[in-house]
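Note sheet for the following structure.
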There are 2 protein chains.
Amino acid sequence: MPKVSAAYKAARRDEIIDAALRCVQRDGYRGTSMAAVIAESGLSAGAIYGHFAGKQEILVAVAERVLAGRQADLEAARVDGQPLSPAALVSALVGGMRLEKATRVIPQVWAEAAVDPEIAEIAGRIFLRVHRLLRTELAAWAAAEPGRVDGDPGAWADLVVPAVIAAVPGFLVQRAILPQFDEDAFIAALPLVYRG
Amino acid sequence: MPKVSAAYKAARRDEIIDAALRCVQRDGYRGTSMAAVIAESGLSAGAIYGHFAGKQEILVAVAERVLAGRQADLEAARVDGQPLSPAALVSALVGGMRLEKATRVIPQVWAEAAVDPEIAEIAGRIFLRVHRLLRTELAAWAAAEPGRVDGDPGAWADLVVPAVIAAVPGFLVQRAILPQFDEDAFIAALPLVYRG
DNA sequence: GTCTATAGGACGATAGAC
DNA sequence: GTCTATCGTCCTATAGAC
């Protein structure tokens, strides 16, 4: 019997997270009030507090979902044949990010991560996971391209991963802030700027 | 007579902005209350409302100062002799940012810019100014290195500037969020990843 | 100009009926 | 589980003495 109830509960939870996500996209992380989430979801205070202990818990769930979605994008960009060069990897990363609709939410989460340890833990976990993913890919590329990279491929990959991944925040922040930002031009420019 | 008073007023304003900056560094942009700014400044409500109309005005001043400071860093990184390559330019940009003490404040401002039009206007203005600065530098480099760049140097520079500048948010976001982030390694990796 | 005290409002969370 | 109504708290901004 708890089977049906569990599926129902999960669906309602998702509805609430959806609504909260729209609120954060519109008003920012801290600018989202419980009243706003209640109105946006079409539910009531009682319904929401039945699924989440409080505001913090909802917003943590929002952060978790949106960051996990981007992590999935990055993992999907992985190609199992030839390992990707830094330039190709950056293009794949940022290209995947284009599909994200909630343009403004990720910078909100990063800002909150700088202040809230619980959000920081989530964001750090995702970053680390992506780091490891890129490290594997880049080490394979470096090993396959002897002469283009000095020293041990693994050590080289460890060093360059943070610089490669940096393009993603750069893309998202400019997209969120600059009204005239041109996504296509940004992606087209990446191979001109990155090695490989 | 108003001369002395004007200097005094400006100094007090700066004190208040200093205090607010420390609060934002600690508690975030929206997490900073008037009570916190009052306590941090050692002044009183009356004193502060004599210089600023309200919370929003103080926080706008904080955003203005911190973004203008980073803009000044970038302009100082400019070298008047040889024009800088993309790799050299990115290193200079990020190297200048290292000196900024208020690590967490800029991501806060970006997140707020995504939500508050007045902050967005300030951030957009600074971004545009840096864009123009980099465009000039990169166009000069492209013109001086014929064969390394296809087509018109100006058009090429227009295209690559957003991708070059992207390293800066990438650096600041990772530094603000990841406890184990290694600034020196990041800067050392830049020439390995960027062309030029 | 700056202080203390407080008015006025918004927000997060709960109580109790259904 | 969900609804309506409300309580207590915190926050911004102001009033009035000095």
Side-chain angles (χ1 to χ4, degrees), chain A residues 1-63 108 112 115-119, chain B residues 1-63 108 111-112 115-116 118-119:
Chain A
M1 282 85 123
K3 255 289 186 62
V4 181
S5 179
Y8 180 77
K9 274 184 82 102
R12 259 293 149 81
R13 248 185 88 98
D14 273 353
E15 275 181 52
I16 295 167
I17 296 172
D18 281 342
L21 184 59
R22 288 192 295 274
C23 291
V24 172
Q25 167 73 10
R26 184 184 349 107
D27 302 322
Y29 203 87
R30 295 295 257 262
T32 294
S33 70
M34 284 301 285
V37 176
I38 290 165
E40 184 72 34
S41 67
L43 298 174
S44 66
I48 285 178
Y49 279 94
H51 291 272
F52 293 93
K55 176 181 172 174
Q56 152 101 357
E57 204 171 295
I58 300 178
L59 295 183
V60 166
V62 168
Q108 294 291 324
E112 191 63 12
V115 159
D116 178 336
E118 194 168 348
I119 306 281
Chain B
M1 258 40 137
K3 256 285 186 64
V4 181
S5 179
Y8 178 76
K9 274 185 83 103
R12 258 293 146 84
R13 249 185 86 98
D14 273 352
E15 276 181 52
I16 295 167
I17 295 172
D18 281 342
L21 184 59
R22 288 192 296 273
C23 291
V24 172
Q25 167 74 10
R26 184 185 347 108
D27 302 322
Y29 204 86
R30 295 294 256 265
T32 295
S33 70
M34 284 301 285
V37 175
I38 291 165
E40 183 73 34
S41 68
L43 298 174
S44 66
I48 285 178
Y49 279 95
H51 291 273
F52 292 92
K55 177 182 171 174
Q56 150 100 357
E57 203 170 297
I58 300 177
L59 295 184
V60 166
V62 169
Q108 294 291 324
E112 191 64 12
V115 160
D116 177 337
E118 194 168 348
I119 307 282

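The sequence lines fix the lettering, A, B, ..., with proteins before strands; numbering per chain opens at 1.
- Atom CD1 in B/I16 sits roughly 11 Å away from atom P in C/dG1 (whole-Å rounding).
- A search for side-chain hydrogen bond (donor to acceptor under 3.5 Å, both in side chains) contacts involving A/E118 returns A/Q56, not counting sequence neighbours.
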Criterion side-chain contact (heavy atoms from CB on, under 4.5 Å) on B/E112 and B/L59, from CA distance to verdict: CA-CA 10 Å; B/E112 191 64 12; B/L59 295 184; over 6 Å; no
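- In this structure, A/V115 and A/R30 have side chains that are in contact, with non-hydrogen atoms separated by less than 4.5 Å.
- Side-chain contact between A/V37 and A/K55: absent, with no pair of heavy atoms (C-beta onward) separated by less than 4.5 Å.
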Indicate for each nucleotide in nucleotides 2-18 of chain C, in 5' to 3' sequence, whether protein heavy atoms under 4.0 Å reach the base (B), only the sugar-phosphate (S), or nothing (-). SBBB------SBB----
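- Residues forming a side-chain hydrogen bond (donor to acceptor under 3.5 Å, both in side chains) with B/D18 (at least two apart in sequence, or on another chain): B/R65.
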